[in-house]
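Predicted model, so just to flag it, every value in this text is computed and none were measured. Count residues from 1 along the sequence.
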Amino acid sequence: MMRLNCMLLSSVMTLAIAGAAFAGDTLTVTSWGGAYTKSQEEAFFKPFAKETGTKILQDEWDGSTAKLKGMVETGQVTWDVVDVEPSHALQGCDEGWLETIDYSKLGGKDAFIDGAAMDCAVATIVFGTIYAYDAAKFPNGGPTTMADLFDTTKFPGSRALRKSPKTTLEFALIADGVKPAEVYNVLGTPEGVDRAFKKLDTIKKDVKVWWTAGAQPPQLLADGEVVMTTAWNGRIYDAVKNSGKNFKIVWDGQGMDFNLWAEPKGSKNKELADKFVAFTVNPDVMAQQSKYISYGPTLKAAIAKVPPDILVDLPTAPENTKTAFVVSSEFWADHDEELTERFNKWLAQ
């Protein structure tokens, strides 16, 4: 009887351990959807799943800090790894709802380009917020400068802009003559903020759609709802390369930014999340993403592995950075709440 009981106990323990291992082999990764997430699937999710046997569940979010922060504060964390923006990383570190990144396991901070190795998030790509247009709508020559986005006389037609003050205000100032390198000096003053909104006033009636998801801009162009739209460069590139669309990117005044992996505190799969993040920041692995979407790697060693014919379409290509600015995560961490409040009130007027 004792032996039978031991055997039963052993069987129960084995099942319990197997159950625990199965639970640990499931990882929930949250990103932004569309072509960007598809590039992550090909470069990261599928290879990691194949190598480790992990089942990766996907979720999508719109960047709402309240949702991510709320998960941690209520102890209901269902996301293990989240693709975040720098402002999320700064806020999550300051308020304590994101894990600190251990760079000793990732090759050290010096392995990354400037700004990519944040305390509570590690960047995997550099992307550009740009604007694009449907070339068929401008047979005699399309727009070439940020000012042209706001010139509805020379380039008539409906526009789409991101429903966010971030980059929208910077673009307005650049269109109004502010040099990209000086945009945050100006935007950091009350007069500069007024100037940006005054410039937005000039095209408010022509903005047909205020988009909230990255997949919207190329679809809006494809459907003919707008002739120009701000967008993330990779979404437009995907529409051109994979769907044969006749869209053109205007690189003038582009806002260069990062997307980063972060881990919410309270995840039940932290060890597996750490392994996933480490896997994606291997130079050979990271360099693969640029084959599927035109975003640049953040590891110096990975950039060197990107073929020249692909590099030319990345935000970091020399020709594409001449009038670019790096989106200031520090500025938006300090001013996002107040400027979002003013932006939403402006939209409602």
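- Using a 4.5 Å heavy-atom threshold, the side chains of T229 and F247 count as separate.
- Shortest non-hydrogen contact noted between M286 and A123 is CE-O, 4.2 Å.
- The side-chain heavy atoms of T316 and I303, taken from C-beta on, include no pair separated by under 4.5 Å.
- How far OG1 of T167 is from CZ of F325: 6.5 Å, rounded to the nearest 0.5 Å.
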Could you walk me through whether V285 and F279 satisfy the side-chain contact (heavy atoms from CB on, under 4.5 Å) test, starting with their C-alpha distance in whole Å, then the side-chain angles of each, then the deciding distance to 0.1 Å, before giving a yes or no? CA-CA 7 Å; V285 174; F279 176 86; 3.9 Å; yes
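- Within the 4.5 Å cutoff, no side-chain heavy atoms of I101 are placed close to those of W261.
- Classification of K291 and E42 as a salt-bridged pair fails, no side-chain N sitting under 4.0 Å from a carboxylate O.
- With hydrogens and angles ignored, the 3.5 Å screen pairs a side-chain donor or acceptor of T323 with a backbone N or O of G253.
- Between E191 and R195 there is no salt bridge, since none of the side-chain N atoms of the basic residue sits less than 4.0 Å from a carboxylate O of the acidic one.
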Please output the side-chain donor-acceptor pairs of residues 57-68 that fall under 3.5 Å, not counting sequence neighbours, one pair per line with the distance.
from : atom 1 : to  : atom 2 : distance (Å)
Q58  : NE2    : E41 : OE2    : 3.1
D59  : OD2    : W79 : NE1    : 3.0
W61  : NE1    : D83 : O      : 3.1
D62  : OD1    : S64 : N      : 3.0

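- Here salt bridge (Lys or Arg N to Asp or Glu O under 4.0 Å) pairs that include residues 299-318, with residues two or more places apart or in two chains, are D284-K305.
- Put simply, the side chain of S290 never gets that close to the backbone of A287: no donor and acceptor are under 3.5 Å apart.
- Side chains of E263 and D80 form no contact here, defined as non-hydrogen atoms less than 4.5 Å apart.
- The shortest non-hydrogen separation linking A121 to Y103 is O-OH, 3.0 Å.
- Under a 3.5 Å cut-off, the side chain of Q216 and the backbone N or O of T212 do form a donor-acceptor pair.
- Shown here for A175 and F150, the closest heavy-atom pair between the two residues is CB-CD1, 3.4 Å.
- Linking Ile, Leu, Val, Met, Phe, Trp and Tyr whenever their side-chain heavy atoms come within less than 4.5 Å puts L260 and I113 in one cluster.
- Connection of F138 to I203 is established within a shared hydrophobic cluster, with ILVMFWY side chains joined at heavy-atom distances below 4.5 Å, either directly or through further cluster members.
- Side-chain polar atoms of Y292 and Q40 form no donor-acceptor pair below 3.5 angstrom.
- Aromatic ring orientation, F343 versus F197: tilted (interplanar angle from 30° to 60°).
- Judged purely by atom type and a 3.5 angstrom limit, Y184 has no side-chain atom pairing as donor or acceptor with the backbone of F331.
- Distance check, rounded to the nearest 0.5 Å: CG of D119 to CG of D94 gives 9.5 Å.
- A donor-acceptor distance shorter than 3.5 angstrom exists from the side chain of T202 to the backbone of K199, with no hydrogens or angles considered.
- In the hydrophobic clustering of ILVMFWY residues, with side-chain heavy atoms under 4.5 Å counting as a link, W346 and V207 come out together.
- Using a 4.5 Å cut-off between side-chain heavy atoms of Ile, Leu, Val, Met, Phe, Trp and Tyr, with links allowed through other members, L161 and V178 fall into the same hydrophobic cluster.
- When only modelled atom types and interatomic distance are considered, N269 and S267 share no side-chain donor-acceptor pair under 3.5 Å.
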Which pairs would a plain distance check flag for residues 125-136, meaning a side-chain donor or acceptor within less than 3.5 Å of a matching protein atom at least two apart in sequence or in another chain?
from : atom 1 : to   : atom 2 : distance (Å)
Y131 : OH     : T145 : O      : 2.5
D134 : OD1    : A136 : N      : 3.1
D134 : OD2    : K137 : NZ     : 3.3

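- Counting only heavy atoms from C-beta outward, the side chains of K245 and P218 never approach each other to under 4.5 Å.
- Counting heavy atoms from C-beta outward, V327 and K166 have side chains that approach closer than 4.5 Å.
- Across every non-hydrogen atom of K268 and V77, the tightest pair is NZ-O, 4.4 Å.
- Criterion: ILVMFWY side-chain heavy atoms under 4.5 Å apart, direct or through other members. Under it, L27 and L106 are part of a common hydrophobic cluster.
- The two atoms that bring L347 and K204 nearest to each other are O-NZ, 4.0 Å, heavy atoms only.
- Between the side chain of D148 and the backbone N or O of T144, at least one donor-acceptor pair lies under 3.5 Å.
- Between R342 and E338, no side-chain nitrogen of the basic residue sits less than 4.0 Å from a carboxylate oxygen of the acidic one, so the salt-bridge criterion is not met.
- Rounded to the nearest 0.5 Å, atoms CD (E95) and CG (L90) are 11.0 Å apart.
- Note: F45 and F276 have tilted aromatic rings, judged against thresholds of 30 and 60 degrees for the angle between ring planes.
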Worked verdict on L169 versus L200 for side-chain contact (heavy atoms from CB on, under 4.5 Å): CA-CA 8 Å; L169 296 181; L200 284 175; 3.8 Å; yes
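- Y295 has its ring centre less than 6.0 Å from the ring centre of Y36.
- Between the N320 side chain and the P315 main chain, no donor and acceptor come within less than 3.5 Å of each other.
- Summarising the geometry, atom CZ belonging to F44 is positioned 7.0 Å from atom OG belonging to S39; distances are rounded to the nearest 0.5 Å.
- Although no hydrogens or angles enter the test, the distance criterion places no donor-acceptor pair under 3.5 Å between the side chain of T321 and the main chain of A324.
- Within the 4.5 Å cutoff, the side chain of T30 has no heavy atoms near those of the V81 side chain.
- Rounded to the nearest 0.5 Å, atoms CD (E271) and CG (D274) are 7.5 Å apart.
- Proximity of V193 to L187: side-chain heavy atoms (C-beta onward) are separated by under 4.5 Å at one or more points.
- Judged by distance alone, the side chain of T54 and the main-chain N or O of I56 form no donor-acceptor pair under 3.5 Å.
- Here the OG1 atom belonging to T26 is positioned 8.5 Å from the CG atom belonging to L272, to the nearest 0.5 angstrom.
- Heavy atoms only, all atoms of each residue included: W32 and R235 are closest at O-NH2, 3.8 Å.
- With R162 contributing its side chain and T230 its backbone, the two residues share no donor-acceptor pair below 3.5 Å.
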Under the side-chain contact (heavy atoms from CB on, under 4.5 Å) criterion, do M71 and Q76 qualify, and how do the steps go? CA-CA 5 Å; M71 281 188 181; Q76 302 295 319; 5.5 Å; no
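- No more than 12 heavy-atom neighbours from other residues, nucleotides or ligands sit within 6.0 angstrom of NZ on K163.
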Walk me through whether V281 and V122 qualify under side-chain contact (heavy atoms from CB on, under 4.5 Å). CA-CA 9 Å; V281 297; V122 55; 4.2 Å; yes
